[in-house]
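Comments concern the structure below.
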There are 2 protein chains.
Amino acid sequence: MTRRHQQIADDLRSAIADGRYPVGSALPSDAELAAAYDASRGTVRQAVSALLAEGMIGSRQGARRTVLTTTPSQSFTELRSFAQWAASGGHAAGGLVLESAWEAAGGDTAARLQVPTGARVFRVLRVRTLDGDPVLLERAVYAGWIGSAVERLPPDCVSVTRRLNEDTGLVFTHGEHHIDALAAGTLEARHLELRRGSPLLRVRRTTTAQDGRPVETSDDRYRPGSVAFTVRNSLQANSLTRTEG
Amino acid sequence: MTRRHQQIADDLRSAIADGRYPVGSALPSDAELAAAYDASRGTVRQAVSALLAEGMIGSRQGARRTVLTTTPSQSFTELRSFAQWAASGGHAAGGLVLESAWEAAGGDTAARLQVPTGARVFRVLRVRTLDGDPVLLERAVYAGWIGSAVERLPPDCVSVTRRLNEDTGLVFTHGEHHIDALAAGTLEARHLELRRGSPLLRVRRTTTAQDGRPVETSDDRYRPGSVAFTVRNSLQANSLTRTEG
DNA sequence: AACTCGAACTTGTCTGTACAGGCTACCGTC
DNA sequence: GACGGTAGCCTGTACAGACAAGTTCGAGTT
């Protein structure tokens, strides 16, 4: 049983994607939508506010809401999982673990995972490929309580996220992504098949489980031209922050 | 007269920032907050959902909400305006227009600004400095209806956003940011004081006014190490998208 | 023809109520 | 002491009504 407001939101999203409401056009009013879906205005507003937060529509008091873009954001799951993202774009994802080991968490890592310095954590160095081409070198560190589940995964496991969810019921619910650029070192040059000094896109991320415990922190280095990130935001919902390097 | 739900949200934000609710601790329940602020549960939930969307707190049905992080996101205005961002971090921002001209919009630019190909647009090449050091080369293109206001600004105008707001009442409400990495060319090398081929962080963004009309589209190239971007997201609110390069 | 004013409409805000479904802590049993 | 079940709490969802504040458009006036 899907929720009423979610049904309405999904329906509006696909209506916009289909072009029934082109970019720049006005959406029906709360009252019209409530009548059309036979729901209360509160429920309709809950659905609409989801699209608002995604930046798909704009809204000002008094004026009808207008469509801003037809391409919806990916779901969080799709973002978190390299494999699921690739699959949704019709590409084949691959992965290979180059190194993995238990070790004591250093200061930075410990802080990001919210564990004491020196706590046992599981470190993994992984190459990710898209249609056979290496595009991403991933240095991930998993918290101790999930590390052994990661250790049991096959080294060429395509979707780590999916397997962890199947094996342990783990669901990622929050993430923080820190994005900057840097030059490729020897290691990146070798595994991503480019020259030392080439520009790389670096994403340092920390992912958190339902209960707020950090699960994983990672330093991902992308080959330029292969992958980019898009953030859509608004006055109402802003998740992007500029920080000092 | 600020809104009730916004007051409550602000109060909760500062309570979290102050450490009254440390990371990992539980927030009071809807009922308790409603009693404390003398508001209905609906209003409290509206306030709490703002923090939820910002990723400051986590929530699951049945369990109390927990604090995920104490550092709030910047407001959208602060993100949009380089000068206001710098000021909030205690730095001095500067800017200098190197070139500017009216020209006909090319295909890409026209599409991003949602104007016909060949429409008159105003292009500006600007260097931005932080505490005197050049950190950002900005290639911005403004839509025709706002271009003349931009043209009237002094070339060393520090906060373009603020001046446009004062002069024309313009408010930026939505933005789309596309982030990747690339190597510095001759122009970037000269103005950002680095070598050709050095890695740069590129942010291509399009900003939209209240009524949904695109105002500005820009290609910003940041010197690495000076500025980074952070995105915080969750199952409930996700604005980050991974795209093909 | 240009301008002003107002009525109708639309979104934003707030309250109150009700029920469903997940979570926790306590209590009694084995 | 370990285990299981349940009552009470808490969040999610949904509905109905009311007013505030901003927008739009047309009628009437200048």
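Letters go in sequence order (proteins before strands), and every chain restarts at 1. All heavy atoms count here, side chains included; hydrogens, waters and symmetry mates do not.
The aromatic rings of Phe122(B) and Trp102(B) sit tilted, their planes meeting at an angle between 30° and 60°.
Within a heavy-atom distance below 4.0 Å of DNA chain C, the residues of residues 30-51 of chain A found are Asp30(A), Arg41(A), Arg45(A).
When all heavy atoms of Met56(B) and Thr70(B) are compared, the closest pair comes out as CE-O, 4.1 Å. Scanning all heavy atoms of the two residues, the minimum distance from Ala93(B) to Ala86(B) falls at CB-CB, 3.7 Å. Contact between Ser29(A) and Arg64(A) at its shortest, heavy atoms only, is N-NH2, 3.3 Å.
Using a distance-only test at 3.5 Å, with no hydrogens or angles considered, no donor-acceptor pair links the side chain of Thr66(B) to the main chain of Ala26(B).
Distance, Ile57(A) CD1 to dG12(C) P: 9 Å, rounded to whole Å. The CD-P distance, from Gln61(A) to dC19(D), rounds to 17 Å in whole Å. Protein atom CD of Gln7(A) is 8 Å distant from nucleotide atom P of dA14(D), rounded to whole Å. Arg60(A) has its CZ atom 12 Å from the P atom of dG22(D), to the nearest Å. Atom CZ in Arg3(A) sits about 17 Å away from atom P in dC19(C), given to the nearest Å.
Comparing dC10(D), dT23(D), dA14(D) against the side chain of Ala63(A) picks out dT23(D) as the nearest. Listed nucleotides: dT13(C), dT23(D), dT11(D). Nearest to the side chain of Arg65(B): dT11(D). Closest to the side chain of Arg64(B), from the set dA21(D), dC10(D), dT11(D), is dC10(D).
The shortest distance between the side-chain N/O atoms of Ser29(A) and the OP1/OP2 oxygens of dC9(C) is not below 4.0 Å. A sub-4.0 Å separation between OP1 or OP2 of dC14(C) and a side-chain N or O of Arg4(B) is absent.
A 6.0 Å sphere centred on CG of Asp18(B) holds more than 12 heavy atoms belonging to other residues, nucleotides or ligands.
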